[in-house]
Amino acid sequence: MDRAVVFLVICCLTLSTGLVDGQSLEVEPIWLTVSSLYRTPIHGAALIDREIQLNWQDGVEEVALFTSDPTLNQTPVVRIRTEDYPDGSYQSYYSLARPTLVGGWELDHPGPQESGDHCLNFWIGSYRNDTLEQVECLKIRPTWMSDNKLSIGGLSLTSLVWPGTHNSGCYRRGDTLSLRDTLARFVLTQDQDVWSQLVYGVRYIDVRVGFYPVKRWNTSEQISHDNSFWINHDLIKVRPLVPVLREIRQFLEKAEGEIVVLDLHRFPVGFSGRHARHNRLVELLERELREVAVEYCGEWPTLDKLWQQSPKGRLIIAYGDNEVVKKHSWLWPPVRQQWGNQQSVEGLEEFLENCMNDTELREPQRGLWAAMAQLTPGQLELLFNRKASLRTMAHSVNSQLTGWLRDRWWQQANIVTSDFFLGNNVVDVAIAANVEKGNALKRYELM
């Protein structure tokens, strides 16, 4: 029986395995996130962003923030009683800034990379009666797929929960937040580059490509060049495409067991009616990524099958033009992104809830689909609300998204994308969901 069909059977038999549809996933009750907001300090002109947020579930009495491992008898820099913060979160004034990606996971690090999770420089602990009960750190998870290979290998691509980012290449320009970044209120969607996103555990990269002809020097002639291809946010070009492609390839070469989906979803500038430009883009993709690209064989296989058949290829390149896909065996059909075009958190929640309950949408044979967990700015925000931005909109969604996925959607979701992804705990919840689903599959096969 096809594994995707088997997994649907499991969902119908969850009572026998202890997994009740809609039941919360068991994950750590405390976690750290990074705020998408920024502020101007009382003294000085430098903008401050990436401030650490403490989060907890019901039942936790006290939480504390540490800047070093609390199991080594360190003193917290923040300690609060959760009853004073009924929303279940607290934003500190401690900034993550630009931490070193430990374990050899800095971009272009010459030495070997260490597998497994690695803590950064912030920890959260929970107290009960002045006793430190639990500890969690803010961490990178660069090898989570291979780390959990025995548990998740039987899951198909369509039953896996893929943590993703929306408009992945639209991130701020430097290590520190600039005034120029803040002026791009509705352009920048992330504050980590694509390399860092992958190292933190993101496995779905969402890109829109624009084409801008390059003029030959001292002539009016226009030519096609690598520099013609840019990552866009709708009609606005943000950064060149080629460096991002090379970051993805470099990550896959170093994280040998990981599988990544690169979704070239739309082509908003320069491609309409220009088939030759699609051909040129495919040539570029072939040159930069062909060696790590997975062949599309008309099915949505399990991770084990991909690992067995493609020892070198671990990149799924989804291309947003079916006619182009038909001509190349290593291009995959477009990902079916589900957009709510909502301006309120309540409206987005209702839209995504309907997606999760749509059995036709979730039909495994139809391929990958993505819950786009972002708000869409309306005309009033764009024109008149100077305080509105993608940062504030992401902040309002991210504060809820972790709970939605953990408590209701983890069994149904496929790809889940967000803006300023460190503002939620989707990566950790997705990994826990995949391990639980993979183990449930193994239990069923032993019945």
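As the structure is a prediction and not an experimental result, all values here were calculated from the model.
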Is it true that [Y] and [X] share a donor-acceptor pair across their side chains at a distance under 3.5 Å?
{"X": "Thr402", "Y": "Asn425", "value": "no"}
{"X": "Glu106", "Y": "Thr100", "value": "no"}
{"X": "Ser126", "Y": "Glu133", "value": "no"}
{"X": "Glu51", "Y": "Gln91", "value": "yes"}
{"X": "Asp206", "Y": "His265", "value": "no"}
{"X": "Gln74", "Y": "Ser68", "value": "yes"}
{"X": "Asn129", "Y": "Thr131", "value": "no"}
{"X": "Ser418", "Y": "Asn424", "value": "yes"}
{"X": "Asp181", "Y": "Ser178", "value": "yes"}
{"X": "Gln250", "Y": "Asp108", "value": "yes"}
{"X": "Ser89", "Y": "Gln53", "value": "no"}

Using 0.5 Å steps for rounding, measure from the [atom1] atom of [X] to the [atom2] atom of [Y].
{"X": "Asp263", "Y": "Ile415", "atom1": "CG", "atom2": "CD1", "answer": "7.0 Å"}
{"X": "Thr182", "Y": "Arg391", "atom1": "OG1", "atom2": "CZ", "answer": "8.0 Å"}
{"X": "Asp191", "Y": "Leu422", "atom1": "CG", "atom2": "CG", "answer": "6.0 Å"}
{"X": "Met372", "Y": "Asp419", "atom1": "CE", "atom2": "CG", "answer": "8.5 Å"}
{"X": "Trp123", "Y": "Leu132", "atom1": "CH2", "atom2": "CG", "answer": "13.0 Å"}
{"X": "Ser151", "Y": "Leu303", "atom1": "OG", "atom2": "CG", "answer": "11.5 Å"}

>> In this structure, is the centre-to-centre distance between the rings of Trp162 and Tyr204 below 6.0 Å?
In response: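 No, ring centres 6.0 Å or more apart.
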>> Less than 6.0 angstrom separating the ring centers of Tyr319 and Phe267, yes or no?
In response: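 Yes, the ring centres sit under 6.0 Å apart.
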So, [X] and [Y], do they make that salt bridge, N to O below 4.0 Å?
{"X": "Arg203", "Y": "Glu258", "value": "yes"}
{"X": "Glu253", "Y": "Arg246", "value": "no"}
{"X": "Glu61", "Y": "Arg81", "value": "no"}
{"X": "Lys442", "Y": "Glu436", "value": "no"}

> Who pairs with Trp409 by ring pair (Phe, Tyr, Trp, His ring centres under 6.0 Å), at least two apart in sequence or on another chain?
Replying inline: Trp404
> Looking at Tyr127, does the NZ or CZ of Arg79 lie under 6.0 angstrom from its six-membered ring centre and within 45 degrees of the ring axis?
Replying inline: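 Cation-pi check for Arg79 and Tyr127: passes.
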> Is it the case that Arg239 places NZ or CZ above or below the six-membered ring of Tyr171, under 6.0 angstrom from the centre and within 45 degrees of the axis?
Replying inline: yes
>> Set out, in order, the CA-CA distance, both residues' side-chain angles and the distance that settles side-chain contact (heavy atoms from CB on, under 4.5 Å) for Val209 and Asn232, then state yes or no.
In response: CA-CA 6 Å; Val209 181; Asn232 275 35; over 6 Å; no
>> Could you go through His233 and Thr189, starting from their C-alpha distance and side-chain angles, then the distance that decides it, and tell me whether this counts as side-chain contact (heavy atoms from CB on, under 4.5 Å)?
In response: CA-CA 9 Å; His233 188 154; Thr189 58; 3.7 Å; yes
> When you look at Phe122 and Leu65, which way does the side-chain contact (heavy atoms from CB on, under 4.5 Å) test go after all the steps?
Replying inline: CA-CA 7 Å; Phe122 286 100; Leu65 177 67; 3.9 Å; yes
> Can you check whether Met356's main-chain N or O pairs, donor with acceptor, with Arg362's side chain at less than 3.5 Å?
Replying inline: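 Present.
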> Hey, does the side chain of Trp144 reach the backbone of Gly201 with a donor-acceptor pair shorter than 3.5 angstrom?
Replying inline: yes
> Going through the distances and angles, do Phe351 and Trp339 end up as a side-chain contact (heavy atoms from CB on, under 4.5 Å)?
Replying inline: CA-CA 8 Å; Phe351 170 80; Trp339 273 97; 5.5 Å; no
>> Restricting to non-hydrogen atoms, name the atom on Cys137 and the atom on Leu32 that form the minimum distance, rounded to 0.1 Å.
In response: C-CD1, 4.5 Å
> If you look at every heavy atom in Lys305 and Pro301, which pair is closest and at what distance?
Replying inline: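 The answer is CD-CB, 3.8 Å.
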